[in-house]
Amino acid sequence: MKKIFTLLFAGLVGVTLNAQRSNVVSAPSVTNPSQPQVGSTIFNAAGSSTRANSYWMNYALQLDDPSGFTPGMASASFNVIFPDSNIIIGTYTTGDPAYAQFHKAATMLDPKNMPVQSINSSVLYSLDSLAIGYAYVRTLLPTVVDTLVIQIIKHDASLQWDLANATYQDITYNQPTNTISQSQVLATYTYLLTVLDSTSFANEIIIATPGVPNQAGTNRIGAVVSFKPGYTYSITDSITDKNAFYLLSYEQNGANTDPTFYGTIADGNSDLNCSYMLPTSVRYDQNAQGWNGYFIPTWAWTTPYSPEHHIISFLLTEVVGVNENSNISSFQNYPNPADVAQNIKYSLKTTADVTVSITDIAGKVIMFQNEGQQFQGEHITALNTSTLANGVYFITLTAGEEKSVSRMVVQH
């Protein structure tokens, strides 16, 4: 069992904007003239999307929702995410340099146990998109392209721990390679950051996540965020002279407070949802509290800690399967991912009027095909997907009054 982690970075602070955490560390506040400012434009991912059975799921935003667990209490802050600690993020009032404290960030979501809107645990769900609350301050030439790396992490019951009566799942870390264990990764996506993404206020990057397998409703789903700069730097460099990526996070009960658990603490199946950080001590395998090789979860910090819950949101869709009492006895779409065509294979128990439609993740119908009256038995039809953009779509097969929905990925 790992020891509970106390923030020990004497001389390091995270870049927080609502309040400086002088009671957490002994060092003075960081002075950084390029700190982003928290704006009010960040989207509300606590509610549903415009598509039936699809929901933007974010634990932090649901906690702060008017009908949530701690409404209106969250304090927002930015924390710089950097792959190495050599670059300086600013200077203390003493003139001493301050280095990046955090190097990767992550969230494990348990969509069946949420404060406002939950996924039905008895059905499958798909991950269709990811949204990341961020700020990205650029001072280098427009030709420099930095990279955001997003890894989708799977549910793993073997990595579940009970820490001070709070359930969480480990995310493992390999220090020599600066990577998480590949066995935990469901998919990896890269997002190229350019001058067009530059913002000193809170904004969101939305990334489609094709290829992630459907998950059981009882499973967690996670995401790890890393930043790879498109430039070289030395120990004498400062982030104010380079580009910097900041992750937006919430401190649940306001600045300088501890979080409140939401969930059934005594129930190991009631994952309490948490976010994670990879601090410098773990990045360099120097952590004295037993966390070398692991990201540190929210519940492990014993001092007030500003990035308690990251604004990393998951667009999840409950996958509607074929009901055994339905007239649609089978329904299959292939190949998946599709390129120029998608085959629809289905079987009817009785004669019915059949239509097939394709909708995007926002619920907009972008293709409709009337198959007319189809008799009992097996049928195959094809849809032309050559004009569709790469991404996630949903196929709805309607037979009379009954519908069945399946997920389709287009990848040219």
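This chain uses plain numbering: 1 for the first residue, then up along the sequence.
- In this pair, Y305 and F102 present their aromatic rings perpendicular. The plane angle is above 60°, beyond the 30 to 60° band.
- Side-chain atoms of H412 do not come within 3.5 Å of backbone N or O of T387 as any donor-acceptor pair.
- In this structure, the separation between CZ on F82 and CD1 on I88 is 11.5 Å, given to the nearest 0.5 Å.
- A heavy-atom distance below 4.5 Å is not found between the side chains of S357 and T355.
- Taking Y189 as the reference, nothing meets the ring-ring contact (aromatic ring centres under 6.0 Å, His included) condition, with sequence neighbours excluded.
- Under the ring pair (Phe, Tyr, Trp, His ring centres under 6.0 Å) rule, F69 has a single partner from F261, Y262, Y59, which is Y262.
- Nearest heavy atoms, Y99 versus I89: O-CD1, 3.8 Å.
- Less than 6.0 angstrom separates the ring centroid of Y346 from the ring centroid of H379.
- Considering all non-hydrogen atoms of both residues, D197 and L192 come closest at OD2-O, 3.5 Å.
- Residues H103 and T280 have side chains that bring a donor and an acceptor to within less than 3.5 angstrom of each other.
- By the 4.5 Å heavy-atom criterion applied to side chains, F394 and D128 are counted as neighbours.
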Checklist entry - Under the side chain to side chain contact (heavy atoms under 4.5 Å, CB included) criterion, do F245 and L193 qualify, and how do the steps go? => result CA-CA 9 Å; F245 182 84; L193 292 159; 4.0 Å; yes
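- Here CD1 of I81 is found 14.5 Å from OH of Y136. Values are rounded to the nearest 0.5 Å.
- Contact of the V123 side chain with the V319 side chain is not registered, since no non-hydrogen atoms from C-beta on lie closer than 4.5 Å.
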Next on the checklist: Please evaluate residues D84 and Y284 with respect to the criterion side-chain hydrogen bond (donor to acceptor under 3.5 Å, both in side chains), reporting the C-alpha separation (whole Å), side-chain torsions for both, the decisive distance (0.1 Å), and the verdict.
Outcome noted: CA-CA 9 Å; D84 207 314; Y284 294 102; 2.4 Å; yes
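- Judged as a salt bridge (charged side-chain N to carboxylate O under 4.0 Å, His left out), and not counting sequence neighbours, K154 has no contacts.
- Residues Y173 and N292 bring no donor and acceptor atom of their side chains to less than 3.5 Å of each other.
- Proximity of a side-chain donor or acceptor of Q169 to a complementary backbone N or O of D156 within less than 3.5 Å is detected.
- Between the side chains of T260 and N253, at least one donor N or O lies within less than 3.5 Å of an accepting N or O.
- Without hydrogens or angle criteria, T317 side chain to S54 main chain gives no donor-acceptor distance under 3.5 Å.
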Item to check | Residues I239, V80; criterion side chain to side chain contact (heavy atoms under 4.5 Å, CB included); working and verdict | outcome: CA-CA 9 Å; I239 279 179; V80 65; 3.6 Å; yes
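- Across all their heavy atoms, P71 and D65 have their closest contact at CB-O, 3.1 Å.
- Around the CZ atom of F375, the shell of radius 6.0 Å holds no more than 12 heavy atoms that belong to other residues, nucleotides or ligands.
- Side-chain atoms of N203 do not come within 3.5 Å of backbone N or O of G133 as any donor-acceptor pair.
- Judged by distance alone, the side chain of T298 and the main-chain N or O of S275 form a donor-acceptor pair under 3.5 Å.
- Put simply, the side chain of H309 never gets that close to the backbone of A60: no donor and acceptor are under 3.5 Å apart.
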Next on the checklist: For F295 and V224: C-alpha separation, side-chain torsions, deciding distance, then whether side chain to side chain contact (heavy atoms under 4.5 Å, CB included) applies.
Outcome noted: CA-CA 10 Å; F295 282 57; V224 175; 4.0 Å; yes
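- The shortest distance between side-chain heavy atoms of L348 and V354 falls below 4.5 Å.
- Between Y233 and P229, the shortest heavy-atom contact is CE2-CG, 4.4 Å.
- The closest donor-acceptor contact from the side chain of D285 to the backbone of V282 lies at 3.5 Å or more, if one exists at all.
- How far CG of L278 is from CD1 of I180: 10.5 Å, rounded to the nearest 0.5 Å.
- Separation of atoms CG (N287) and CD (Q175) is listed at 12.0 Å; rounding is to 0.5 Å.
- Side-chain contact between I395 and I344 is present, with heavy atoms from C-beta onward closer than 4.5 Å.
- Using a 4.5 Å heavy-atom cutoff, the side chains of T257 and Q252 are not in contact.
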Checklist entry - Yes or no on side-chain hydrogen bond (donor to acceptor under 3.5 Å, both in side chains) for N333 and Q342, after CA distance, side-chain angles and deciding distance? => result CA-CA 7 Å; N333 55 296; Q342 179 82 160; 2.7 Å; yes
Checklist entry - Would M277 and E308 count as a side chain to side chain contact (heavy atoms under 4.5 Å, CB included) if you check the C-alpha gap in whole Å, the side-chain angles of each, and the deciding distance to 0.1 Å? => result CA-CA 9 Å; M277 298 297 270; E308 288 172 352; over 6 Å; no
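- For K242 and D237, the salt-bridge test passes: some basic side-chain N is under 4.0 Å from an acidic carboxylate O.
- Using modelled atom types, one finds a donor on one side chain and an acceptor on the other under 3.5 Å when comparing T350 with N327.
- Separating the CG atom in N384 from the CD atom in Q369 is a distance of 9.0 Å, to the nearest 0.5 Å.
- Judged by distance alone, the side chains of N243 and D146 do bring a donor and an acceptor atom under 3.5 Å apart.
- Residues N79 and Y246 have side chains not in contact (no heavy-atom distance under 4.5 Å, counting atoms from C-beta outward).
- When atom types are taken as modelled, the side chain of N58 and the backbone of F314 share no donor-acceptor pair closer than 3.5 angstrom.
- The closest donor-acceptor contact from the side chain of T194 to the backbone of L196 lies under 3.5 Å.
- Heavy atoms of other residues, nucleotides or ligands lying less than 6.0 angstrom from CD of E401 number 12 at most.
- Neither side chain, T107 nor H310, offers a donor N or O lying under 3.5 Å from an acceptor on the other.
- No side-chain donor from either of T179 and N174 sits under 3.5 Å from a side-chain acceptor of the other.
- A donor and an acceptor atom, one from each side chain of E318 and N120, are nowhere located under 3.5 Å apart.
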Next on the checklist: side-chain hydrogen bond (donor to acceptor under 3.5 Å, both in side chains) for T381 and E371? Distances and angles first, verdict last.
Outcome noted: CA-CA 8 Å; T381 189; E371 299 296 312; 3.2 Å; yes
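- Between the OH atom in Y294 and the CG atom in L159 there is a gap of 7.5 Å [rounded to 0.5 Å].
- With no hydrogens or angles considered, no side-chain donor-acceptor pair links Q101 and R283 at under 3.5 Å.
- Contact check for E251 versus S77: no side-chain heavy atoms found under the 4.5 Å cut-off.
- Under 3.5 Å, the side chains of E378 and S347 contain no donor-acceptor pair of N or O atoms.
- Remark: the backbone N or O of M114 is not paired with any side-chain donor or acceptor of Q117 at under 3.5 angstrom.
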Next on the checklist: Please determine whether side-chain hydrogen bond (donor to acceptor under 3.5 Å, both in side chains) holds for the pair T240 and S238, giving the CA-CA distance in whole Å, both sets of side-chain angles, and the decisive distance to 0.1 Å.
Outcome noted: CA-CA 5 Å; T240 58; S238 170; 2.8 Å; yes
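- Using modelled atom types, one finds a donor on one side chain and an acceptor on the other under 3.5 Å when comparing K104 with S226.
- In this model, no donor atom of one side chain and acceptor atom of the other lie less than 3.5 Å apart for Y125 and N219.
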